[in-house]
Amino acid sequence: MAQPLTIEDLRLLAKRRVPRMFYDYADSGAWTEGTYRANETDFAGIKLRQRVAVDMTNRTLESTMVGQTVAMPVALAPTGLTGMQHADGEILAAKAAAKAGVPFTLSTMSICSIEDVANHTGSPFWFQLYVMKDRDFIARLIQRAKTAGCSALVLTLDLQVLGQRHKDIRNGLSAPPKPTLANLINLAFKPRWCLKMLDTPRRGFGNIVGHVSGVADMSSLSSWTASQFDPALSWDDVKWIKDQWGGKLIIKGILDPEDAELAAQSGADALIVSNHGGRQLDGALSSIAALPAIVDQVGNRIEVLFDGGIRSGQDVIKALALGAHGTFIGRAFLYGLGAMGEKGVTLALDIIRKELDITMALCGLRDVKDVDQRILLGGREEAVRRLSL
Ligand code: GLV
């Protein structure tokens, strides 16, 4: 393929280069994948307002997320098994994010460990936490994130139990892959991936393996979540985690105004409007359709961040116009990683930055912090009307 110009170009390249079970893991939603698809398609219904003959010089995308300066309001979302899209994936993505001046969020279910990422990158990153029944392990994990200098904790609340993704079951997803005939045949067509993977020791769940005992199959995300994640998680646990952590806290997985209210009351610094990339409750609203009511509910009492379906800078600006203070990209960077390693993540961020910059200019604005409903055709009301069709 010639120089990739869009996130879709990177997706197609990743599909060619990444072993099927890991490509499918990224590119899948729960059950019918209806919510996963809606996350992307709902953006298309929102129309922007073109302005002309306004001064478009000296533009800036600089903003803040939980008080930290960011080169653009786009962070890398926590994604499980990132180091299976490409060898050492988390380290490479963290490096690309640091160079681009945006936050990288390391998942609990990463391949490279917290310590590994900290040792290989200069800038502080964010750590995403899943709550497991073993609270001693959680306390230790939080302590490890503190010791590694993580500058925010992203607490995920929407995965107490795992939404079923059919492809993962059919593919027998595991990290590392099991040497079945089907896997060996598929790997034979992915020589770049294999060569890099043979060259790294990082092939299991780095934050978990060696830190917990008594789990039968640590290579399997589904058996790990079924046996370890805490289905009894409550807002009291959120308080306990907030106290343990003592730093910037971001609550991820809010889709309903009532839960947004509880998040605001919890004293967290930010919430992320998210349906886990359509990977949990199939049939839930798309993230962008859920955003306006949540902004209405919490106002300025808690910073509202957004993820779900962003594949372009135009999507970013639409989320900002509907009241998000910042955004996250998950699959968009994973496709870059799978396609071209660190260079691919840099390219994904470049693509989105350029699209965001030019789109902002064509909407007649020079500062991303000024983006609001004025750039939407028919304003917020029309966008909300279209999103509820
Ligand atoms: C979480 O780790 C997921 O697979 O969505």
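Here the structure is a predicted model, which is why all the values come from computation and not from measurement. All ligand and atom numbering here is 1-based and tracks the order in the structure. Only this structure's heavy atoms are used, side chains among them; waters, hydrogens and symmetry mates stay out.
- Ligand-side atoms of ligand 1 in range of Y25: 1 (C), 2 (O), 3 (C), 4 (O), range being under 4.0 angstrom from any heavy atom.
- Using a 4.0 Å cut-off to heavy atoms of H276, the atoms of ligand 1 that qualify are 1 (C), 3 (C), 5 (O).
- For the pair R165 and ligand 1, a heavy-atom separation below 4.0 Å is found.
- Between R165 and E33 there is no salt bridge, since none of the side-chain N atoms of the basic residue sits less than 4.0 Å from a carboxylate O of the acidic one.
- Proximity of Q280 to ligand 1, defined as any heavy-atom pair under 4.0 Å, is not found for any part of the residue.
- For R386 and E382, the salt-bridge test passes: some basic side-chain N is under 4.0 Å from an acidic carboxylate O.
- Nearest non-hydrogen protein atom to atom 1 (C) of ligand 1 is Y130 OH, 3.1 Å.
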Taking only distance into account, with no hydrogens and no angle test, what donor-acceptor pairs under 3.5 Å do side-chain atoms of residues 196-205 form with protein atoms, sequence neighbours excluded?
| from | atom 1 | to | atom 2 | distance (Å) |
| --- | --- | --- | --- | --- |
| T200 | OG1 | D88 | OD1 | 2.5 |
| T200 | OG1 | R202 | N | 3.1 |
| R202 | NE | D116 | OD2 | 2.5 |
| R202 | NH1 | D88 | OD1 | 3.0 |
| R202 | NH2 | D116 | OD1 | 3.4 |
| R203 | NE | M197 | O | 3.0 |
| R203 | NE | T200 | O | 3.2 |
| R203 | NH2 | M197 | O | 3.4 |
| R203 | NH2 | T200 | O | 3.1 |

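- The only option from V295, V304, V371, L376 that meets the side-chain contact (heavy atoms from CB on, under 4.5 Å) definition with L322 turns out to be L376.
- Residues D357 and K354 are not paired through a salt bridge, judged by the lack of any N-O separation under 4.0 Å between the basic side chain and the carboxylate.
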